[in-house]
Amino acid sequence: MFDIVNKNKTAVTVVLGLVSLGLVVGLGLSGYTAMSDESTPYLAKVGGYTITDRHLAEAIGNQAIPDNMKPMVLEQLVRQRLLQDRAVALKLAAPDQLVRNAIMQIPAFQVDGQFNDQRYQEILASQQMTPAIFEEKMRQDIVMRQLMDGFVQTGFVSNAAMQQLNQLMAEKREVATATISAEQYLPQVTVSDAEVKKYFDAHQADYKKPEMVKVEYLLLSQSDLAAAQTVNDAEVEKYFAEHQQELAKEERRASHILIAVDKSAKAADKTAARKQAEEILAQVKANPARFAELAKQKSQDPGSAVNGGDLGFFAKGMMVKPFDEVAFKLNKGEISNLVETDFGFHIIQLNAMKSASLADVKPSVVEKLKQQKTQSQFPTQVEKFTELVYQQSNSLKPTADALKLSVKQSDWLTRSNAADPLLGNPKMLEAIYSDDVLKAKHNSEALEVSPGQWISARVLEYKPASTQTLLEVTPVITAKLKQEKALALAMADGAKKLAALQAGQVENLAWGQPQAFTRIAVEGVSDANLKAIFKANTSKLPAYVGGAVPGRGYVMYKVIKAIEAPALSTEDQFRMQENLAKMYGQVEMAAFIDAIRKDVKVKYQLKPKAE
């Protein structure tokens, strides 16, 4: 599904329940950690609507989300909900026919350019979504597009503003970098036991162990069921006979001589090319054995001419239509008359023909038949699996015995982390930590954690949240305090060396190769340091600036050269005008969403970062 999604962005934004309307998220979240307390029942509340971990998982196709990505996805869902509320208030609507037409235009649901209902149903099923749910998401997307159309590509940008912006964006500084790292000062620092205990006493909350469980579980897998199927030769032969035209497509091997002429060429040029091709055709007709020799000498297709015109094997439909039609009518060894295509005039010689044999396609036929058998059996297996884990809720063994499955055991799991991605599915973790499973010791309900994979789990061991002992955390705290002391020394030494450089003194530093910096973000360079580089006085070079690199040490920049921005071309001006207009439209959109927030209360359950 995700290959399809990546190629069909319109489908993605609706299938994943997100709005692809310029709502770029990524700013304004740095003041929060990725997640709230694990017992929090929701992540955000928009008016009376709550957004939970399950909503985040559904938004990216029921996959596990890294903690550092959760705030971004959550903010996207909050903005989406705010817009939905405003659309309802404005009584915006999308008629059923409009929704249906939009769905039929999504490439992911098409076969050979036409909407295919079976494909539509299959893709939605793979995303654990019904057509009704999908159509409602599409309706919401269309309504929000109506709401937001006024913010797309608005605004006027003057030439003066563009020139000024070009100067800011395209101007460069040639800079060499030297870093004074904290690591080189580590041998100079020590940390006492008293310092470790003092830090531990003040930060015990940072050394909590989350509650954890170990579970046993059953996995009912469609792929495992398929692998266990048996297919005999008679079944393979029957399938091959019924689908021979599809499975054993004929391929042909041909050579050609091309006299190239563009389809839009003048009549005189086409006439000359045709005459040249006819002369070559007469030669190969007179002596077919010379075809490869003449192709090397005369053909204007450089890719095949070196091989005597050989094009290798190709199936019907792979070549341009006029060429294809002639090639598949020739007999082995026969030479065609002139064939005209958009590329020019071809002379074709058929060298060989072949079709796939039963032996060639047997592995794929066996796999196909196994899948067919599985597709008819698996729903029954799922139904039985679901019933048994519920009816025999005090043990997984009866279900395992009935369906010939093996009971597996997990490592320790927290509410937000599992080594096994199947158990790490948010729906699965939610079920495991429910009172019925955790406290009543029942089997979890059967859950489809990915297409064709169903799991039920049962808790074996439980560890409540606890605080680590001083002995357990001493190595970690010692390393942290040593790093902090070494960092302080590095920063002090860096600031001292920078002052010396700025005073004209020579310092023995290992400067890296000069690089050209622009005002746009440079990897590894903080915004503050980048601003300082461009504020440096370029009338007297080299100039020196520097600053702290959090957690690493102190960095110094030697500004060697100022490089002026090149003049804007007409094409660049047009592109910049277009991009700036879009940017202004997005700014207006953000202001609109902020205005909605004043009417609709938004409450986040995100824990502020410790300073």
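For this chain, numbers begin at 1 and follow the sequence in order. Side chains are part of it too, since the values below use all heavy atoms of this structure and drop only hydrogens, waters and symmetry mates.
Rounding to the nearest 0.5 Å gives a distance of 11.5 Å between CG of Leu413 and CD of Glu211. Rounded to the nearest 0.5 angstrom, Asp193 CG and Lys198 NZ are separated by 15.0 Å. Of the inter-residue distances, the one linking Gln468 atom CD with Leu470 atom CG reads 11.0 Å to the nearest 0.5 angstrom. Residue Gln453 holds its CD atom at 6.0 Å from OG of Ser223, rounded to the nearest 0.5 Å. Taking NZ from Lys427 and CG from Leu447, the interatomic distance works out to 6.0 Å, rounded to the nearest 0.5 Å.
In this structure the side chain of Arg458 never reaches within 4.5 angstrom of the side chain of Val215, judged on heavy atoms. Ile432 has its side chain within reach of Val213: a pair of non-hydrogen atoms, C-beta onward, lies under 4.5 Å apart. Between Glu171 and Ile563 there is no side-chain heavy-atom pair separated by less than 4.5 Å.
Looking at Lys558 and Glu174, no side-chain N of the basic residue comes within less than 4.0 Å of a carboxylate O on the acidic one, giving no salt bridge. For Asp594 and Lys598, the salt-bridge test fails: no basic side-chain N is under 4.0 Å from an acidic carboxylate O. Salt-bridge formation is detected for the pair Lys209/Glu472: a Lys NZ or Arg NE/NH1/NH2 atom is positioned less than 4.0 Å from an Asp or Glu carboxylate oxygen. Using a 4.0 Å cut-off between charged nitrogen and carboxylate oxygen, Lys137 and Asp141 do not count as a salt-bridge pair. Ion pairing between a basic and an acidic side chain is recognised when a charged N comes within 4.0 Å of a carboxylate O; Asp420 and Lys408 show no such pairing.
With Thr399 contributing its side chain and Phe385 its backbone, the two residues share no donor-acceptor pair below 3.5 Å. Between the side chain of His203 and the main chain of Tyr199, a donor-acceptor pair closer than 3.5 Å is present. Glu448 places a side-chain N or O within 3.5 Å of a backbone atom of Gly452 that can act as its donor or acceptor partner. Judged by distance alone, with hydrogens and angles left aside, the side-chain atoms of Thr478 form no donor-acceptor pair with the main-chain N or O of Pro475 at under 3.5 Å. The main-chain N or O of Ser192 is found under 3.5 Å from a side-chain atom of Glu195 such that the two form a donor-acceptor pair.
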| field | Lys197/Asp201 under salt bridge (charged side-chain N to carboxylate O under 4.0 Å, His left out): CA gap, chis, key distance, verdict | value | CA-CA 6 Å; Lys197 186 175 187 310; Asp201 290 342; 2.8 Å; yes
| Stepwise salt bridge (charged side-chain N to carboxylate O under 4.0 Å, His left out) check, Asp493 with Lys497 | CA-CA 6 Å; Asp493 193 26; Lys497 284 181 166 60; 2.9 Å; yes
| request: Take Glu75 and Arg597 through the test salt bridge (charged side-chain N to carboxylate O under 4.0 Å, His left out) and record every step on the way to the result. | output: CA-CA 13 Å; Glu75 182 62 14; Arg597 289 179 193 267; 2.5 Å; yes
| query | Does the salt bridge (charged side-chain N to carboxylate O under 4.0 Å, His left out) test come out yes or no for Asp527 and Lys531, once each step is laid out? | reply | CA-CA 6 Å; Asp527 289 344; Lys531 287 178 181 177; over 6 Å; no
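Relative to the ring axis of Phe517, Arg173 does not place its NZ or CZ within 45° and under 6.0 Å from the centre.
Relative orientation of the Tyr544 and Trp511 rings is tilted, given thresholds of 30° and 60° on the angle between their planes.
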